Amino acid sequence: MCAAFTKPKDSCPTSHLFLGNCGPAVGISIQTIAEVLHQFENVTVTVPDALLARVYVSFQNSQSAEQAAELLRRPVPAFDDRPLAVKYAALKRTEAEEDQEQQDGKVSTDPRKFCIPGLRLLQGFITQEEEQALVNELAHGEWEELARRRVQHFGYKFHYETRNVDPASPAEPMPARLGPILQRMQQALDGWVPDQLTVNDYAPGVGLSPHIDTHSAFTGPIVSLSLVGLSAMEFRRHGLRRGVALPPRSLLVMDGEARLAWAHYIPHRKSDYVEGVGWLPRTRRISLTFRQVRRSPCTCAYPECCDSQACQLPPTRKALAAQELQTSADAALSLPSQGARAGAACLEVAYVHQVYDAIAPHFSSTRFAVWPKVREFINSLPQGAVVADVGCGNGKYFGVRSDIAVLGSDRSAGLAQVAAQRLSPTSGNSACTRADVAVADGLTLPYRSGCLDAVLCIAVMHHLSTEQRQQVADVRVVDVFYDKSNWCIIFERL
Ligand SMILES: O=C(O)CCC(=O)C(=O)O
Ligand SMILES: [Fe+2]
């Protein structure tokens, strides 16, 4: 089997077929295979090695693959009735994906096994009596209702629209009842003392979006005491996901890398699968998150996650709405809005660039279908055309024609790397040897005006967060070939 495909684990139909005794090596061209299968949508033919008589065909779904298998098991006149070996194939999973599959959905009671630096869980940190007394006291507090949960803040109010606190405005002090617990915490955490507390009250099944607490807001560890019910918390970094079960009365300590570079997240779900225990239904959970307000900028070793060092933390939806309002007001007064521009760029960094880098291998394995209209466009180009593929992703269009040159570019280094692997002589993608890949932003393409014959820009524009940025990209994409009367294809929806 070739690098991208493997034998399926069972005999169930998949959406990929292995065809033995078929392909250019025995005089059956990709074009002929595509024509024989023309009734199926989004078919991709992969020739792993032009010298060997085998190809892989990917379909939109397993039903199509099943129907095609039936068709191909009968003599096909276009293949000179050559008998083919027709088997199902599966996409090969990378080690990281297999690891992920194992971890998916499972939560562990012992985070030590994940070796996430700075992550600790101290079980039974408070007694049942202390827990009950705290729950009773908090019940009489003033809750702030959020969309799906309610909160109380002590020491300093946490502002969700900025994800920050105002160090100049202290709020209600922490409940006196916490005294002995805070003392225990101080002992467990080398003298560390929090001055801010957020209490979250989650109804059964309610979770929390993935986030890293704002670096510029808090210093030192972040510590969370769980009351009433168990909930899973997931830690995510670089595509890895690790689930930890937080039982009532336990204290979760996130310090160092765990606090600064791993996002934490509580999945919204009705039950959690706890390793060695089984399914546990979610009940209500109250958490007390203790933090220490920061008074100078963060200088941590994770600038990609640090709002003090770069504008990398995404603005919240509310902040963006405020920026949009400001932009409209600025536009009415014809003023440029620096803040909104920076906000839009930050949003793309956090929700587009970092996400694609993290999911590149998995994303790539789900993007193999060549869109028919794009193939049509590529096939319409003259032999020898030099074509840019802006936002080339995993480079799935590189191999469509072997007689044109493709300059692929993607803003995500992770995806550009996957595309580059396609170009390696050992990948078996002989048609891709006339392509090259760069990491580049569609807003600032590294090509001279008018230097290309054609440009592909497929499903790229929606990754830009404002219409204005989309317009700039449009202009830039068109510019690289504009002084020739040539081709450009910008596809968003088909
Ligand atoms: O509920 C928890 O334990 C965590 C809460 C949290 O992450 C936060 O408020 O930032
Ligand atoms: Fe948090």
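Remember, predicted model here, so these are calculated numbers, not experimental data. We're numbering straight along the sequence, starting at 1. Both counts, for ligands and for their atoms, begin at 1 and track the order of listing.
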For [Y], is there an ion pair with [X] - N to carboxylate O distance below 4.0 angstrom?
| X | Y | value |
| --- | --- | --- |
| Asp213 | Arg259 | no |
| Arg177 | Glu130 | no |
| Glu275 | Lys113 | yes |
| Glu234 | Arg236 | yes |
| Lys157 | Glu172 | no |

Please list the nearest protein heavy atom to [atom] with its residue and the distance rounded to 0.1 Å.
| atom | answer |
| --- | --- |
| atom 2 (C) of ligand 1 | Ser287 OG, 3.3 Å |
| atom 8 (C) of ligand 1 | His211 NE2, 3.8 Å |
| atom 9 (O) of ligand 1 | Asn200 ND2, 3.5 Å |
| atom 7 (O) of ligand 1 | His264 NE2, 2.9 Å |
| atom 1 (O) of ligand 1 | Tyr202 OH, 2.5 Å |
| atom 3 (O) of ligand 1 | Ser224 OG, 2.6 Å |

NZ or CZ of Arg291 within 45° of Phe158 ring axis and under 6.0 Å: yes
Name of the [X] atom (N/O/S only) found closest to the Fe ion (ligand 2):
| X | result |
| --- | --- |
| His264 | NE2 |
| His211 | NE2 |
| Asp213 | OD1 |

Between His463 and Tyr356: side-chain donor-acceptor atoms closer than 3.5 Å: yes
Residues Asp307 and Thr214: side-chain donor-acceptor under 3.5 angstrom: no
Pair Tyr160 + His153: ring centers closer than 6.0 Å: yes
Minimum heavy-atom distance between Ser15 and Ser62, given as atom pair plus value: CB-N, 3.7 Å
Proximal ligand 1 atoms for [X], defined as those under 4.0 Å from one of its heavy atoms:
| X | result |
| --- | --- |
| Asp213 | 10 (O) |
| Met233 | 2 (C), 3 (O), 4 (C) |
| Arg285 | 1 (O), 2 (C), 3 (O) |

N or O contact, Thr198 vs ligand 1, cut-off under 3.5 Å: no
Residue-ligand contact Arg291/ligand 1, heavy atom below 4.0 Å: yes
Residue-ligand contact Phe158/ligand 1, heavy atom below 4.0 Å: no
Ligand 1-proximal atoms of Leu252, by part, heavy-atom distance under 4.0 Å: neither
Ligand 1 contact on Leu208 by region, counting heavy-atom pairs under 4.0 Å: side chain
Parallel, tilted or perpendicular: rings of His264 and Phe235 (30°, 60°): tilted
